[in-house]
Engineer: 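Below is one structure. I have some questions about it.
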Amino acid sequence: MKEKTKGVRKIWDRYKYAALVAVIGAGLLLWPALGDGEASRKEEQTAARSRWNTQDMQREMEEILGAMDGVGQVKVMLTVDSDGERQLAQDTQLSYSGNTAAPEDYSRRSETVLVDGGAGDETVVVRQTYPTYRGALVVCQGGGSAEVRLAVTGAVAALTGLPTDRVTVAKWQ
């Protein structure tokens, strides 16, 4: 029995550094893969926080219009022509093997650029387009008054970018 343990110990003494290097190498290979999941979760959370949502816009407009003089209770409906879009900054690495004119094999790897914000990592937005609205319908208690209709039409046009002929204000029943 002692001869077996001596043989194992002799092999261990000979290859312990090679085994240690292999374990560290495996850990380093797995490390970026574990970090990517965390980065993508942070990216999704940041995008969800700053996503332009038509329903949120409608609720906010209802609050604002309801605070205007003479409007009273109000409901807003916006129709959307096209949704908004956010383009995030990407760090792209291209690697290839062989001749640059005719590479044999190539791979591309992209990562979303994150910056350290005050509350954590945040994505870098390169370009953001907001939704394009088709029309708006506002139903409010003061909709029978021409003065209220004019004020509400002007406010909705200013907030959405719609021309006033695409904003309809009706009286609440």
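Count residues from 1 along the sequence.
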Engineer: Treating Ser110 as the side-chain partner and Gln90 as the backbone partner, does any N or O pair qualify as donor plus acceptor under 3.5 Å?
Structural biologist: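 A pair under 3.5 Å: no.
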Engineer: Could you pull out the closest heavy-atom pair between Val74 and Gly66, with the gap in Å?
Structural biologist: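 Distance-wise, the nearest heavy atoms are CG1-N, 3.8 Å.
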Engineer: Return the CD to CD distance between Glu63 and Gln58, rounded to the nearest 0.5 Å.
Structural biologist: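 These two atoms lie 12.5 Å from each other.
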Engineer: Which of these, Thr153, Val71, Val152, sits in a side chain to side chain contact (heavy atoms under 4.5 Å, CB included) with Val138?
Structural biologist: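 Exactly one candidate clears the test, Val152.
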Engineer: Can you find a heavy atom in the side chain of Leu65 that is under 4.5 Å from one in the side chain of Val156?
Structural biologist: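 Leu65 reaches Val156 side chain to side chain.
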Engineer: Would you name the heavy atoms of Met68 and Ala155 that are closest together and state the gap between them?
Structural biologist: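 Closest heavy-atom pair between Met68 and Ala155: SD-CB, 4.2 Å.
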Engineer: Please give the remaining members of the hydrophobic cluster of Ile11, linking ILVMFWY side chains under 4.5 Å, ordered by chain and number.
Structural biologist: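 Its cluster partners, ordered by chain and number, are Tyr15.
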Engineer: Taking Leu137 as the starting point, is it possible to reach Trp172 by hopping between hydrophobic residues whose side chains are less than 4.5 Å apart?
Structural biologist: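 Same cluster: Trp172 reaches Leu137 through Ile, Leu, Val, Met, Phe, Trp or Tyr contacts under 4.5 Å.
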Engineer: Considering all heavy atoms of both residues, which atom of Leu78 and which atom of Met57 are nearest to each other, and what is their separation?
Structural biologist: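 The pair with the smallest heavy-atom distance is CD1-CG, 3.7 Å.
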Engineer: Using side-chain heavy atoms (C-beta onward) and a distance below 4.5 Å, is Met61 in contact with Leu159?
Structural biologist: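 Met61 reaches Leu159 side chain to side chain.
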Engineer: Go through it in stages, so that I can follow the logic: the residues are Arg108 and Gln93, the test is side chain to side chain contact (heavy atoms under 4.5 Å, CB included), and I'd like the CA-CA distance, side-chain angles, deciding distance and then a yes or no.
Structural biologist: CA-CA 6 Å; Arg108 189 172 90 181; Gln93 294 178 351; over 6 Å; no
Engineer: Under a 3.5 Å distance rule, please check whether Glu62 uses its side chain to pair with a backbone N or O of Val76 as donor and acceptor.
Structural biologist: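 Checking the backbone N and O of Val76 against the side chain of Glu62, a donor-acceptor pair under 3.5 Å is found.
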Engineer: Let me see the working for Asp56 and Glu60 under side chain to side chain contact (heavy atoms under 4.5 Å, CB included), right down to the final yes or no.
Structural biologist: CA-CA 6 Å; Asp56 292 340; Glu60 197 168 341; 5.8 Å; no
Engineer: Take a 6.0 Å sphere around CG of Asp81 and say whether it holds more than 12 heavy atoms from other residues, nucleotides or ligands.
Structural biologist: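 Enclosed: over 12 neighbouring heavy atoms sit under 6.0 Å from CG of Asp81.
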Engineer: For Ala157 and Thr164, which heavy atoms make the closest approach, and how far apart are they?
Structural biologist: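 What the structure gives for the nearest pair is CB-CG2, 4.0 Å.
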Engineer: Contact between Val80 and Tyr133 at the side-chain level, heavy atoms closer than 4.5 Å - yes or no?
Structural biologist: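 Val80 reaches Tyr133 side chain to side chain.
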Engineer: Identify the two heavy atoms, one from Val169 and one from Cys140, that lie closest to each other, and give their separation to 0.1 Å.
Structural biologist: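 That closest heavy-atom pairing would be CG1-SG, 4.0 Å.
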Engineer: Do the side chain of Arg149 and the main chain of Gly143 share a donor and acceptor less than 3.5 angstrom apart?
Structural biologist: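 Indeed, once roles are kept as given, a pair shorter than 3.5 Å links the two residues.
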Engineer: Could you state the interatomic distance from CE (Met77) to OG1 (Thr168), rounded to the nearest 0.5 Å?
Structural biologist: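 The CE atom of Met77 sits 12.0 Å away from the OG1 atom of Thr168.
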Engineer: Do Gln173 and Val139 have side chains that get closer than 4.5 Å, going by heavy atoms?
Structural biologist: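 Contact flag for Gln173/Val139 side chains = no.
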Engineer: Would you say NZ of Lys10 has more than 12 non-hydrogen atoms from neighbouring residues, nucleotides or ligands within 6.0 angstrom?
Structural biologist: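 It does not: Lys10 NZ has 12 such atoms or fewer within range.
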Engineer: Would you say the side chain of Lys171 lies within less than 4.5 Å of the side chain of Gln141, judging by non-hydrogen atoms?
Structural biologist: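 No; the side chains remain at least 4.5 Å from each other.
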Engineer: Which residues pass the side-chain hydrogen bond (donor to acceptor under 3.5 Å, both in side chains) test with Ser145, sequence neighbours left out?
Structural biologist: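 If we apply the side-chain hydrogen bond (donor to acceptor under 3.5 Å, both in side chains) test to Ser145, skipping adjacent residues, there are no hits.
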